[in-house]
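Written below as structure tokens is the structure these notes are about.
Chain A is the first sequence line, chain B the second, and so forth, proteins listed ahead of strands; every chain is numbered from 1.
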Amino acid sequence: MENEIHQVIPINPVPYSRSRQAGEAQTVLDHIVDDFQENPVAMQYFYDLFRQVYCHGDEIPHSGKLVGTTCIQAPEELIYAFGATPVRLCNGSYHYDQRGADFMPAKSCSLVKATLGMLSSENVIPKIGKPDLVVNPSTCDQKKKSSVMIEGMGYSVYDLEFPNVKESEASRVYWRRSVREFANQLRKLTGKRLTRANLKAAMAMTGRAQAAFRTLHNFRRQTPSLILGKDAFLVTNAYFFDDIERWTTAVEKLNAELAERQAAGFRAVQSKAPRVVFTGSPPIFPNLKLPLLIEEAGGVVVADETCSANRMLYDMTAVDEWLLSDMVDSLADKYLKPCTCPIFTRNDDRKRRLLDLVAQFKADGVIYQAFSGCQVYEMEYRSVAEEFNKAGIPMLYIETDYSPDDQGQLSTRIEAFLESLKNRKKRHA
Amino acid sequence: MTAAKPAMQRLRDAVNEVDFNRFRFWFQITAFILFVYGGYLAIDLGSKLPFFSCGYNREGRAGVCYLLPLQHQLGRNWAVLFSMASLTILTGFLTFAAWFIVLNKGWCGFVCPLGTLQDWISALRRRLGIRYANYTQGQFAQLTKIKFVLLALLILIPLGIGGGLFSHDMSPPFCLICPARMVLPLFTGDLSQFTIDFSSKTAVVMTALGISVTALFFVGSFVKKRFFCFFCPMSALHYLISKPALLKLKKDGSKCTRCGDCYAVCDMEIKEIADDVKTTNIMTDDCTMCLKCVASCPETGALKATFVGIPIFVSTETGFIKRMNKGCQHGK
Amino acid sequence: MTSLNRLFALLFLLMLSGSLFAEPSEAQKAEWRARREAAGGEAPSEAQRAEWRARREAREASAKADESKPTVVANEERIHPTSGKSAPVPELSHDHGAMGSRPAADKGAVKPEEAARPSGRPAGMGMRGGGGAIWLSDSPPSRGDGAGRGGMGGMMGMGGMAMGGERSGPPSKRLWMRAGSDPQKSGFAREDADAQNETLIVRPQGPLDGEALAPPADGKKNLAFEMPVQGYYRVYASSRKLQGETLNISVAKAEIANFSHGGDEEERAQALTAPRVLDSAPIEIVREKAADEKMFFQLKSGDEQAFVVLQKGLPLQGARVRFVSHEGWSKEAVSDEQGRVSFQVIRDYFPAWDDFKKRFKASYLIIAEANAAEKGVFKDQPYSNVRYQATLAGNYYPSPDDYRSYAWGLGIGLLIVLFSGTAVYLYRRRRVKPFQEVRFDDGR
Ligand code: SF4
Ligand code: SF4
Ligand code: SF4
Ligand code: SF4
Ligand code: SF4
């Protein structure tokens, strides 16, 4: 059956770098790099990284077992502690999106389709190698359903059970158990023992990465902005597959540069550029369509509430007693409790987080992306819109997918929205 | 004025980024020494202290826990109790309240020798690599009431004794079952509380009960953080009069991500500290105001301790990162 | 964790019921009795004890018959540790040189006084009549057995608390003048018209040489006074009477400590350093306070207690001092050059187990006598000898060693620690708590 599918899809014999897929990445990257002025010098590391990985198809080395994750809920500290390397499999390529259409109904989430498309192809880009285990937390329906399909592609898949309700104590206990069980699974996979020292080292590593992210995040509070949102998204996208230590060092360099920029009174945008908080379905390279459209139109994305950036790196773990039991339970809590994922029954935390981001980052408006087919984001739109209405914060809701076809229409809408934000700002001033 | 501000800010930052656990550890040791051995230096802070500086530690105490005089006063002969002589009960209570108001439950988190002792026992367990026990939510909801029951008994039984309903051998009832009565005198080499009093049946029962509670205190606080505080009637009494207290634990729900970090470190398993984003005055009846939650909250300004409205210790991102790094490196 | 809690609850119940039935065994009782005896000097013989028991029972019967008499109101504020601490008490005799160098008190055997000794003091000892020495007691005759509720009345080994039984107003105190040399048997002292009597009271903040205290009025037999401030109240009832060539001077003294828990701290501090000696007293016995003695002091049987005999405030050497216990045991010693004698308070309370009261208040009586060849004139009559006699009474209580057992305490404690510790351990090991079945081995 599968072979048949593969037979129908013509396989391009040209080298990857000249493939349509590489071209897609190339176009976006060129756009990010060349169409904006005064990109931070330290961003070069990330530009180069994406060029190598997505345009040239270079291999990404890793140590130990490779554990693919399809969601931020898989505790990466545990994976590191067992000497394995986590890699986030969520994909943003239109090429894979089309390919994944074979697995899912046409109107389903591009992200899931692209992930499936990627895993089903022989030549997986980014070239990380075949994951020894794919961890698929049971979050949204589309992810849940892809489990079996991924298994069908010859991967070994572990369904990490994730609760739907996060307020209840039962779900906390349930999730802690899931995480413990996950640790068990990793032990089986790696044949290693979880030790206090290993886990502490892993947490120190992710902690440093998170601290670097938070510093970057905080620099974005500055008005006018020191750095554009498209670069920030690129940075967090690199976290999906880059070596964590190298990534952290690169971010720390970027932070140092931003500090200089701040001291020098640098402005990456005009002072009246509307500031936007980005929320909803996650932008993942090369699908940085919306952030780029916003910033082309003269706006700036100052913060986000998405699982490819803020939600992935923001929340940090506190431990009372540095014993395994306490560390693992605290980790579990940090993955569940602050999460603003739309798959939960209630979204009070998401609304509060958004309001706080708007206030803290002095944003003028919010842009809400929902991948068509992503029911949960589509359905949460109403309640979020109501909340913003009440608070008097303008919001633009955009339903889209990975295809570039709607770019023209979207850019008109975005320009109009940003214009209205500017006018509002003038009126208020 | 412009020059003063950065200095002030620097001081604030220094406080907020302090290695909190170490600070608290030393503060507690100091308080412990003061209240368990201060008597040798003729320090006497009166008998209305709002924490367990046990009166039975005759030699070393630097002041006496209020529950002792309270029970004695309430245990007066009714004729006396209902006379003007009982004005002293009122003045005694006011003195107690005056002490209490300064630190609120902070007396528990930072000063109470029995609380400190439990922290030490926990530290011992931690060093041995033994995990701590937790209550389930259901158990928590049930057990949290016990301290109020004990408080009620602590008031009613002495009244009964004064009225001749109970034997004098039951006086002071709570002290007889209070672990501090046996444990704290140990620190000044006084073992005399570890006896069974065979002079009457009531005395036998009460002393045996006292010994048993003390034994359970040791076992309990070994497996459960602040085991006894959960049942402490002093804590219940604190809560009832905590409104006007000067030291306050405040929460800004809009800044809280409900990450649960504060709950994870809370010795008293207080869920509200993380989950409640509406209440600003977040101190609950079980809280000991140890401020560990403030130290482990990564959101700047989400939790803070204020004194007469002035923030004195505020949760900050930088402080959090510093402390957690330290934890990752040498945490025990 | 539910089961853990249940476990704790169960343990509590177990202990509770366990301790309820923890009647000491016969063997245990025998052991305590033996210990008690060992600590209390020589043991009285069985016959002796039987006799005491009979005597007490008789007394109790008569006391019951005598209910209408005013009762000593016990103070509910008892000796307990809330007492603010006393600053180290300056030694009474700081002006008498080093106390440490005193010769050891004569530790001669305590011998029961011959039971039937007639009020057999040397003739003329009782100037107010009634036979025997005159002394001030905090209870009237026949109620000397201090097993009253709480047993907290007054003199409390001189360091106890005043009775605060009055509904309001300052606590007050009553003292009875009694004659005899056995604390229980002494009856009321009778008035003697020939004698010249004087009663002085020294109040804590009053004049150091005392004020006159009105004699009992309205046919009442007691001296009553109020104690508005904290401190030691001392009453001196002295009497002079000529008998032939000999002038008998007797001074019966009582010292009452009045302290309260809530009281003024300054007052207390003052009281603790105030002198406790009346310089004008022709003879006086002062109970020596131990250096570490607290404000709410209780003398316990088995304790060593020293007394100092003073004459006009100066130590009197060579006085014959007699200690009489509650049951009438007595022992004699002679004061050394510092006027000091010391006695071990004998243990003479041996009730049946069920009747044992740990707050049993027993009285002791100290009688000091000395002769001097002093010449003078009294009521126009010359005399060539003076016989001095001083008395002081106080209370003592059973020693805690009599009824408190470390072995049981530590035993029960240890047992529960072991039991609950093991229970918790097993529970935590064996339990497969739902959702917690994955364990981590925390060894590094
Ligand atoms: S965007 Fe929506 S549908 Fe897609 S993976 Fe996320 S939650 Fe699921
Ligand atoms: S026994 Fe307990 S309640 Fe009583 S004084 Fe001591 S500490 Fe206070
Ligand atoms: S709650 Fe704990 S810390 Fe507070 S008084 Fe009671 S024993 Fe001490
Ligand atoms: S640690 Fe801070 S942010 Fe996290 S739940 Fe507690 S108060 Fe909220
Ligand atoms: S809520 Fe905070 S201050 Fe109160 S006991 Fe818990 S950690 Fe300590």
Honestly, the part of B/Ser192 sitting under 4.5 Å from a heavy atom of chain C is both
Please name the pair of heavy atoms, one in C/Val417 and one in B/Ala215, separated by the smallest distance, quoted to 0.1 Å.
-> CG2-CB, 3.5 Å
Measure the shortest side-chain to side-chain distance between B/Phe198 and C/Phe356 over non-hydrogen atoms and say whether it is less than 4.5 angstrom.
-> no
Name the region of B/Ile161, side chain, backbone, both or neither, that has any atom closer than 4.5 Å to a heavy atom of chain C.
-> neither
Taking side chain as C-beta onward, heavy atoms only, is C/Ser405 less than 4.5 Å from B/Thr195?
-> no
Going through the distances and angles, do C/Ile412 and B/Ile196 end up as a side-chain contact (heavy atoms from CB on, under 4.5 Å)?
-> CA-CA 9 Å; C/Ile412 293 183; B/Ile196 297 286; 3.7 Å; yes
Separation between CG (C/Leu414) and CZ (B/Phe194), nearest 0.5 Å, reads 10.5 Å
Is a side-chain N or O of C/Arg428 found less than 3.5 angstrom from the main chain of B/Arg131, in a donor-acceptor match?
-> yes
Charged N-O contact under 4.0 Å between B/Asp169 and C/Lys357 = no
What residue in B/Asp197, B/Ile130, B/Thr91, B/Thr202 has the most heavy-atom pairs under 4.5 Å with chain C?
-> B/Asp197
Contact class of B/Thr207 relative to chain C, heavy atoms under 4.5 angstrom = side chain
Below 4.5 Å, heavy atoms only, C-beta onward: do C/Tyr406 and B/Leu191 meet side chain to side chain?
-> yes
Is any side-chain heavy atom of B/Val219 closer than 4.5 Å to a side-chain heavy atom of C/Val424?
-> yes
